[in-house]
Amino acid sequence: RCRTLDILMYDIDINCRLSNRRNDIDTCRKQINKYSQIFARNLMADVTEVKFVRQELRGLPESWIRAHANNPTTDLISVKLKYPDVRMILHYASEPNTRRKIQASYNSRCVTANMNALIELVKYKHAFAKLAGYKNHAEHALVGTMAQVPSRAVKYLDDVYNLIKAKSLQQIQQLQIFAYAETGSHEIYDHDIMYYVGKLLNESVDQPLRTLFPIDDVTTQMLDIYAEMLSLEFKRVEVEAWHPDVMCYEVYDCSNGGRG
């Protein structure tokens with residue numbers, strides 16, 4: 001009878017602990033969802049603008065600059081920290097300080113509003129992983145993936161790094177040649193990568209390809225294929241776009257009375 005009572009009390013204790021853990025897990029889930037939404041909502045609602053003068057935006061298409069000008073009579077340009085605009089500046093702006101300024105602003109957007117949310121997310125994700133029986137969030141996040149455990153993920157990254165290291169160093173040296181030609185220095189920073197990669201591709205890949213595949217011929221033939229397959233008609237129209245290479249077409253459905 002005493003043994004039976006001991007087993008019963010043990011079962012009651014286990015069930016109580018499981019119940020408490022389940023409540024804690026549910027609490028963690030709710031808090032993770034709450035702070036994830038706060039974090040994302042702050043980013044979506046961010047309206048921070050970075051101010052430039054026209055000289056700082058040398059290299060960008062004139063139509064893009066006009067679209068962002070505060071006033072046609074002034075040189076002040078306002079750029080919101082939305083990725084398409086940030087990418088345009090990082091890709092085309094020839095001024096290094098302009099690229100540095102926009103990337104630093106983009107990477108630190110909502111830092112004040114989201115700092116508390118980030119701290120809470122880290123705390124609750126770690127707590128959730130511990131409650132689920134894992135050492136940390138990384139171990140829990142890899143469950144069900146090919147890596148399965150952090151050590152295997154780290155090994156995979158190390159293996160990839162060793163495979164591409166030599167080629168990466170070679171490409172960095174090529175970028176440094178462009179940097180030296182423009183600035184007199186071989187130093188390249190993170191905010192310079194997209195700009196110099198664009199120059200490298202334009203010289204080593206884009207130009208030879210453009211010779212072999214003229215854009216007008218390729219576009220016409222491609223649209224002819226779509227027109228035949230889908231019973232469509234494409235008509236080129238001239239519009240003011242963000243870049244002079246942009247082409248705009250009106251599309252008509254020939255199987256439906258030519259309705260556009």
Side-chain angles (χ1 to χ4, degrees), residues 36-37 40-41 43-47 49-50 52 54 57-69 72 77-95 98-99 102-103 105-107 109 144-146 156 160 163-164 167-168 170-172 174-175 178 190-260:
S36 295
Q37 291 173 10
R41 190 161 55 243
L43 289 177
M44 290 294 292
D46 181 55
V47 293
E49 292 183 342
V50 182
F52 296 99
R54 180 176 287 269
L57 296 174
R58 284 197 296 266
L60 278 96
E62 182 62 28
S63 57
W64 186 92
I65 293 176
R66 287 199 306 269
H68 292 76
I77 314 293
S78 296
V79 181
K80 291 184 178 179
L81 296 176
K82 303 303 180 185
Y83 185 71
D85 286 335
V86 172
R87 187 182 185 280
M88 280 289 293
I89 294 176
L90 291 175
H91 189 78
Y92 290 107
S94 58
E95 290 292 330
T98 299
R99 300 192 298 267
I102 196 68
Q103 178 159 304
S105 298
Y106 182 74
N107 289 342
R109 67 197 188 284
T145 66
M146 292 181 64
Y156 169 77
V160 171
L163 286 172
I164 67 173
K167 184 65 176 178
S168 297
Q170 179 184 348
Q171 291 176 338
I172 289 173
Q174 291 177 307
L175 299 183
F178 287 104
D190 187 45
H191 55 263
D192 298 322
I193 298 297
M194 191 178 296
Y195 176 73
Y196 289 119
V197 165
K199 285 189 166 295
L200 176 62
L201 290 177
N202 187 60
E203 181 176 289
S204 62
V205 178
D206 285 1
Q207 293 301 337
L209 283 178
R210 287 174 182 174
T211 303
L212 294 172
F213 302 99
I215 185 65
D216 290 336
D217 292 345
V218 171
T219 302
T220 299
Q221 293 179 36
M222 179 184 68
L223 294 180
D224 286 344
I225 293 173
Y226 281 113
E228 182 178 352
M229 292 177 59
L230 304 174
S231 297
L232 299 174
E233 180 183 0
F234 296 90
K235 290 185 178 180
R236 177 81 176 267
V237 294
E238 297 299 328
V239 298
E240 183 176 349
W242 60 270
H243 192 277
D245 291 341
V246 172
M247 293 183 287
C248 182
Y249 290 84
E250 290 180 347
V251 184
Y252 297 87
D253 184 356
C254 297
S255 65
N256 194 22
R259 189 165 59 188

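FYI, the numbering just counts along the sequence from 1.
- One finds the CG atom of Asn107 at 7.5 Å from the CG atom of Asp190 (value rounded to the nearest 0.5 Å).
- With a 6.0 Å radius and a threshold of 12 heavy atoms from other residues, nucleotides or ligands, Tyr156 has its OH atom at or below the threshold.
- Side-chain contact between Leu81 and Ile102: present, with at least one pair of heavy atoms (C-beta onward) separated by less than 4.5 Å.
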Please output the side-chain donor-acceptor pairs of residues 213-228 that fall under 3.5 Å, not counting sequence neighbours, one pair per line with the distance.
unit_1 : atom_1 : unit_2 : atom_2 : d
Thr219 : OG1    : Ile215 : O      : 2.7
Thr220 : OG1    : Asp216 : O      : 2.8

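- Taking both residues in full, the closest heavy atoms of Leu232 and Cys254 are given as C-SG, 3.8 Å, listed atom of the first, atom of the second, then distance.
- The side-chain contact (heavy atoms from CB on, under 4.5 Å) test applied to Val237 returns Val239, Cys248, Glu250, not counting sequence neighbours.
- Across every non-hydrogen atom of Gly59 and Ser94, the tightest pair is N-OG, 4.4 Å.
- Taking the six-membered ring where tryptophan is involved, the planes of Tyr106 and Tyr83 are tilted, since the angle between them lies from 30° to 60°.
- Side chains of Asp85 and Trp64 form a contact here, defined as non-hydrogen atoms less than 4.5 Å apart.
- Residue pairs that meet the side chain to side chain donor-acceptor pair (under 3.5 Å) test with at least one member in residues 191-200, sequence neighbours left out, are Arg99-Asp192, Glu182-Tyr195, Glu182-Lys199.
- With rounding to the nearest 0.5 angstrom, the CZ atom of Arg66 is 13.0 Å from the CG atom of Leu60.
- In terms of heavy atoms, His91 sits closest to Gly198 at CE1-CA, 3.9 Å.
- The closest side-chain heavy-atom distance from Lys80 to Arg109 is not below 4.5 Å.
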